[in-house]
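Accompanying notes for the structure given below.
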Protein chains: 2
Amino acid sequence: MTTATRSHRIRLAPDQRRSQLLDLGVRLLATRSLDELSIDVLAEEAGISRGLLYHYFGGKQGFYEAVVQHAADDLFAQTAPPAGGEPLQRLHTSITAYVDYVQANHAGYRSLVKAAGGGNEALRAIYETTFEAMADRVFAQPDDAIIPDTPATRLLVRAWQSMVEDLVLSWCADPTPLTREELLHVITTSLPALVDTLP
Amino acid sequence: MTTATRSHRIRLAPDQRRSQLLDLGVRLLATRSLDELSIDVLAEEAGISRGLLYHYFGGKQGFYEAVVQHAADDLFAQTAPPAGGEPLQRLHTSITAYVDYVQANHAGYRSLVKAAGGGNEALRAIYETTFEAMADRVFAQPDDAIIPDTPATRLLVRAWQSMVEDLVLSWCADPTPLTREELLHVITTSLPALVDTLP
DNA sequence: TGCCGCTATTGAACAACTGTCAATATAGTG
DNA sequence: CACTATATTGACAGTTGTTCAATAGCGGCA
């Protein structure tokens, strides 16, 4: 049973093909890692030839970067805070969306996002850029800021994100020690608690 | 100019050869990632034939796992808390050793440890085991424990470790926002602060 | 000292995979 | 219904991981 809908020699618009391949990539790379996925397998699964991947992404590495970027954009969009409201409330909503997102895709999240963080230069750049953009949400609205924007607090927020990432992933693997509400409470209150440890 | 001391056809005891290859692996994999390091290059750098690597480690993946395990053991040994003294003081000493270790090897630490955390099943197992053993140091001495040993606190300590890892790596990349003392203070006091966020 | 056996080590052959490119087929257009 | 622009292919070349029978170095023993 082949999972791909096999239809011979269909010619798509570049955008459609591109997003088809990216979606397939996200799905396949959620379970295998990059070097466990050969281009032959990927091409067959997509119902295209090997060469087409090189036409679109320039190579295996380029394909992987595009897939990671695609997943990162998706994560960023799905955790966007609501337009209006109290700053703390907006942050809480965004965090809730993050927990939901990771819980819904924890295999893919671990495989793609974690691999990006520990991967090559270009991949880490995608990872860093995305999480810095998410950190900006914490520092948004300078007049009634949640926490002051200094190099030190930037450093702490970045580290806090790592903590949250690990916490949520561990919790998804075994949710018994904490309820969902307790998890959200720990995440939310740990940020100001962390900033308070600064001299 | 070849960096390896080229001497033809020397026969070593298995233990010596093994650790020579592991040390070389740690050194080479600190800058390149695994798939950027071909076995040909590795063998030439070590002054041995390709086949010998397969004799010792069974393949590229096995070699990588051995190198990661080697580095993890080194990290674990070098951050061992002193034998006696106050529990909090012992923890502080261990944390200081950790900061020093990462600072001295941040390229290698990032490349090996981070890659292990986001890598395949066997690699993550090494990573998890090592950091769980380091977490045990926090929970040691049940009579005057620093923090209670429950599933919830286990989860938090694990997440705290991720935060510390990221914090120290970021700080190594750019130490200007915090002095070394401030960094150590944040790390130490953030652990009880985090546990206090539990209901 | 000089042979001998054990085994560390080799290198060539094999298999699988990535990357390249000129040729081909397809969808839209006048 | 051609006809053109281009999405797509398939065969080819180079590189890399893996296997295995053959070789060569070191310690022990006479």
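Letters A, B, ... mirror the listed sequences (proteins, then strands); counts begin at 1.
When the nearest nucleotides of DNA chain D are assigned to A:G51 and B:Q61 by heavy-atom distance, the more 5′-ward of the two goes with A:G51. Each of A:Y54 and B:P14 was assigned the nucleotide of DNA chain C with the nearest heavy atom; the assignment lying further toward the 5' end belongs to B:P14.
Rounded to whole angstrom, the span from the CG atom of B:L34 across to the C1' atom of D:dG17 amounts to 11 Å. Per the geometry, CZ belonging to B:R17 stands 17 Å off P belonging to C:dT7, to the nearest Å. Atom-to-atom, CG of A:L52 to P of C:dT26 comes out at 14 Å; the value is rounded to the nearest Å. For the pair A:E36 CD and D:dT16 P, the computed distance is 20 Å after rounding to whole Å. What separates CD of B:E44 from P of D:dT16 is a distance of 12 Å, to the nearest Å. Here the P atom of nucleotide C:dT10 and the CG atom of B:L53 are 10 Å apart, to the nearest Å. Per the geometry, CG belonging to B:L42 stands 12 Å off P belonging to D:dT18, to the nearest Å. Between B:I48 atom CD1 and C:dG11 atom P there is a gap of 12 Å when expressed in whole angstrom units.
Grouping the Ile, Leu, Val, Met, Phe, Trp and Tyr side chains by contacts below 4.5 angstrom, directly or via other members, places B:V41 with B:Y54.
When heavy atoms are screened at a 4.0 angstrom cut-off, A:Y56 is found touching the sugar-phosphate backbone but no base atom. B:F63 comes within contact range of no nucleotide atom at all, as no heavy-atom separation falls under 4.0 Å. Within the nucleic acid shown, B:S49 comes within 4.0 Å of at least one base atom, counting heavy atoms only.
Closest approach to the A:R50 side chain among D:dG17, D:dA11, D:dA7 is made by D:dA11 (side chain taken as heavy atoms from C-beta onward). When distances run from any side-chain atom of B:D40 to the nucleotides D:dT9, D:dG17, C:dT20, the shortest one goes to D:dG17.
Interface remark: the B:R11 side chain does form a donor-acceptor pair with the C:dT7 base, using a distance-only criterion of under 3.5 Å.
Under the side-chain contact (heavy atoms from CB on, under 4.5 Å) test applied with B:L183, the options B:V164, B:I95, B:L167 reduce to a single match, B:L167. Tested against B:L156 for a side-chain contact (heavy atoms from CB on, under 4.5 Å), the candidates B:L198, B:I147, B:T150 yield a single pass: B:L198.
Across all non-hydrogen atoms, the minimal contact from A:M163 to B:W160 is CG-N, 4.1 Å.
A salt bridge links A:R180 to A:D100: at least one charged side-chain nitrogen sits closer than 4.0 Å to a carboxylate oxygen.
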